[in-house]
Structure formats: C-alpha cells, structure tokens
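Note sheet for the following structure.
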Amino acid sequence: VVPKATQAQFRDQVRDVYPYAKVLYPGADDFTPAKRTEFLSRAVTGDWDAIILSGEQFKRIPIKPETEARFIRQEINSYRAALEAEEDASESSGGRRGRSKESRTHKELQKALLKQEERLGLVLLKAQEQREKTIDFEDMGVDQLFVDEADMYKNLHFATKMGRLKGLANGESERSWDMYEKIRVLQDQGKKTGVVFATGTPIANTTAELYTQMRYLQEPMLEERGLQHFDAWAKTFGETTEDIEQTPTGGYRLTQRFAKFQNIPELSNIWQATADIRVAEDSPNIVRQRPRLVDDQGNARRTVVTVQPNQ
C-alpha cells in the first residue's frame, strides 16, 4: 500500500528488483464499482507475488460487517472504561460522582461514546441487508502487508479521559480506522508479524503518535501488558508538563501539555521489539547520493538541470 503519487514508481522498482515476480497492478478503472469485484477476483485466484495498491484503492476493499461490528464494540468498551475512570477520579478528588458528569471531559466522552454506538447500529443494519456478491478483505488470503509512508495513518482515534490536554491530537480519520481494522484482521488470523510500516516520521507532532504506531503493530503485546488503553499507556510512559503560554489575545495562561516521555528504557525495549530504526549514518550509500551544494573547498556549487517529465 503506497501513496498514489509513487504507485507507478513502486511498480517499476519491483519489476527491476524482482524481474520474474508476478506483480498485479490495477489499471485506472479497476477500482470503479463496475470493475472492482472482477479485479479482486483476479487478486484472490491468481498466484501473485505482490499486489501494489494506492491508499485510496486499499480503502475500497471492504471488510465483513460482522468484523467491523466486533472492533467497534471493543471501542465502545474502551470509552465506557474511560467514563468510569473519569467518574472515579472526580470522586477520589473530593467531588461528587454525579458532578463529574457535568465536566467538559465527561461530556466529550459521552459524545464520542454515542457516536460509536450510532456507528455500530449502522454496521449491524448493513450486516442484515442482502449484500451484493463481493470479496471481502478477510477472503483475500493476504500473507504480508507493506505500508509505505505509514505516518499518513497517524490520526487513529482512541478513548481517553485526558482529552482536554494539549498535545493529544485525537483524530477521526476513516482512512486510519480502515487500516487499523485490516491489520487487526491479519493479527487475528495469526499473522502478527505480517505487517510492515515504513516511514521517516513515526512521530511528527505529538508524543501520543507513538502509542498509535504501537497500537497498529503491537496491539496483542499491549493487551498482554494491560496497556491497550491510552490512559494506562500514558500513565506508564508519558508525562504532563506545565508551562506559561501566550494566548491569541496576547495574554498568558498556565497550560498543561502531554509532551514528554518517561520510563524511556522500558518503552524503547518494547518499541524496538518491532521497530527497525535506521539513521543516515547507518546508510552511507544513501548519504553519498545526496546532492552536494558545495564542492570540496566549501564553495557554492549549484547547478539547475531541467528534464522533461517521463509520465
């Protein structure tokens, strides 16, 4: 699964590196409603070494409504657990349990829970309807899933009672949710090592993005350690900081931000059980291919080369 802009490039490179491989590459119209089933049938019945899809095409491969309903129920349980934790925290801090339901955090969790329950209702209705004959992701027999530019799927929503803190970009990306569901399908099929993410920016904006990456690739391990919920993970590996920040109107206010890691050695050991980290010094051949802006004496050496586009 690659970005649309580099899909043809990946096809050509795979053919160059593996000239005898059987590679399936969709045409411009193969994922239209009229031809999608035919293309997926070719993917299932053929003995392909690789199928190269763009992110948009991959998202159009459906999963069974029963599978989606199961994952949404797990999300609902997470939101209910976060609600109970918020009420317990309010009670332990000296407030009344009923008063916690008036807090902004509680209302946001209730709103998110209601949204998930409505989503579950729609999926259950879809499961009862007579579906057209199509091939679901579960039926494709995927052995290995390679995802390039995996940071494009960082906006995966999660349940938390810390939603009011700065530094928690908790998105609602349908593309990320679709990727998460399909990865969980492979994990449930026993292919826990069958997913490879490639990205130069696993953490781009917030520390919470590491939790999202671990949720994609290490969810079974997080469940074994009791860290599958974000709040438990954040309590173990995250730290909230306080600082004076300027407001848009020019004033100042004390702001809490989820911006630091703690227990870094333990977190690093868990993450590197999956992650294969490479820096520039580890790849001298790539470093040598970088364009030099100065010569050996340090003098500017910039040359503009105009080429015609090849596609």
Side-chain angles (χ1 to χ4, degrees), residues 71-95 97 100 103-106 108-109 112-113 116 150-151 153-173 176-177 179-181 183-184 187-188 192-193 195 197 199 201-243 254-277:
F71 293 140
I72 293 177
R73 288 191 180 98
Q74 294 176 3
E75 291 295 298
I76 289 174
N77 291 336
S78 296
Y79 279 104
R80 287 175 176 167
L83 278 169
E84 292 180 2
E86 168 67 14
E87 294 172 359
D88 292 341
S90 176
E91 187 176 15
S92 62
S93 62
R97 191 175 184 86
S100 68
S103 69
R104 184 178 298 180
T105 299
H106 194 279
E108 289 180 353
L109 286 171
L113 175 60
Q116 292 296 327
D151 53 285
Y153 302 91
K154 65 184 179 181
N155 293 322
L156 180 65
H157 65 81
F158 51 84
T160 176
K161 63 183 180 65
M162 302 166 57
R164 301 305 303 172
L165 284 179
K166 299 286 187 179
L168 289 182
N170 196 356
E172 289 282 349
S173 169
S176 299
W177 174 248
M179 177 64 71
Y180 172 76
E181 289 181 307
I183 289 176
R184 288 307 305 269
Q187 292 171 344
D188 290 348
K192 295 182 180 180
T193 60
V195 181
F197 272 18
T199 175
T201 52
I203 304 175
N205 298 315
T206 72
T207 54
E209 290 173 12
L210 179 57
Y211 166 76
T212 297
Q213 295 289 333
M214 296 177 74
R215 192 178 174 200
Y216 278 123
L217 302 176
Q218 297 179 296
E219 182 104 4
M221 183 278 299
L222 292 178
E223 292 175 350
E224 292 175 1
R225 295 172 179 259
L227 300 173
Q228 69 270 28
H229 300 304
F230 175 78
D231 291 341
W233 184 91
K235 184 177 180 180
T236 305
F237 298 121
E239 184 176 345
T240 301
T241 62
E242 290 186 351
D243 200 0
L254 183 65
T255 302
Q256 290 186 325
R257 184 178 294 274
F258 186 75
K260 293 179 65 177
F261 291 117
Q262 62 179 357
N263 298 322
I264 295 178
E266 293 81 1
L267 177 61
S268 178
N269 287 337
I270 294 174
W271 176 235
Q272 292 193 51
T274 296
D276 183 18
I277 302 172

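Position 1 is the first residue of the sequence; numbering continues from there.
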Checklist entry - Of the non-hydrogen atoms in L254 and E242, which two are nearest, and what is the gap between them? => result CD2-OE1, 3.8 Å

Next on the checklist: For a 4.5 angstrom cut-off between non-hydrogen side-chain atoms, does W271 reach L217?
Outcome noted: yes

Item to check | Gap between atom CD of Q116 and atom CD of Q74 - 0.5 Å precision | outcome: 11.5 Å

Checklist entry - Are the side chains of T206 and F258 in touch, meaning some heavy atoms are under 4.5 Å apart? => result no

Checklist entry - Which of these, F230, Y180, W177, sits in a ring-ring contact (aromatic ring centres under 6.0 Å, His included) with H157? => result W177

Item to check | Note, Y211 side chain near T160 side chain (heavy atom, < 4.5 Å) | outcome: no

Checklist entry - Measuring from Q213:CD to L156:CG, what's the distance to the nearest 0.5 Å? => result 10.0 Å

Next on the checklist: Closer than 3.5 angstrom, by distance alone: can the side chain of N155 be matched with the main-chain N or O of S176 as a donor-acceptor pair?
Outcome noted: no

Checklist entry - Is the shortest distance from a Lys or Arg side-chain nitrogen in E75 or R184 to a carboxylate oxygen in the other one below 4.0 Å? => result no

Next on the checklist: So which atom in T207 and which in K260 form the shortest heavy-atom distance, rounded to 0.1 Å?
Outcome noted: CG2-N, 4.2 Å

Item to check | Heavy-atom check, side chain of L113 versus side chain of L109, under 4.5 Å | outcome: no

Checklist entry - Got a donor-acceptor contact below 3.5 angstrom from the E209 side chain to the K154 backbone? => result no

Checklist outcome for this item: CD1 (I264) and CG (N269) are apart, to the nearest 0.5 Å, by 12.0 Å

Checklist entry - If you round to the nearest 0.5 Å, how far is CG of L210 from CZ of F237? => result 9.0 Å

Item to check | Heavy-atom pair of closest approach, residues W233 and L222 | outcome: CD1-CD2, 4.4 Å

Checklist entry - Are Y153 and Y216 an aromatic pair by the rule of ring centers under 6.0 Å? => result no

Next on the checklist: As a quick check of understanding, evaluate side-chain contact (heavy atoms from CB on, under 4.5 Å) for R225 and I270, giving each step before the final call.
Outcome noted: CA-CA 11 Å; R225 295 172 179 259; I270 294 174; 3.7 Å; yes

Checklist entry - Shortest non-hydrogen contact from G226 to A232? => result O-CB, 3.6 Å

Next on the checklist: Under a 3.5 Å cutoff, is there a donor and acceptor pairing between the side chains of D151 and T199?
Outcome noted: yes

Item to check | Criterion side-chain contact (heavy atoms from CB on, under 4.5 Å) against L267, the qualifying member of Q262, Q272, M214 | outcome: M214

Checklist entry - NZ of K161 to CD of E84: how many Å apart, nearest 0.5 Å? => result 13.0 Å

Checklist outcome for this item: Output for pair (R257 CZ, T240 OG1), nearest 0.5 Å, gives 11.0 Å

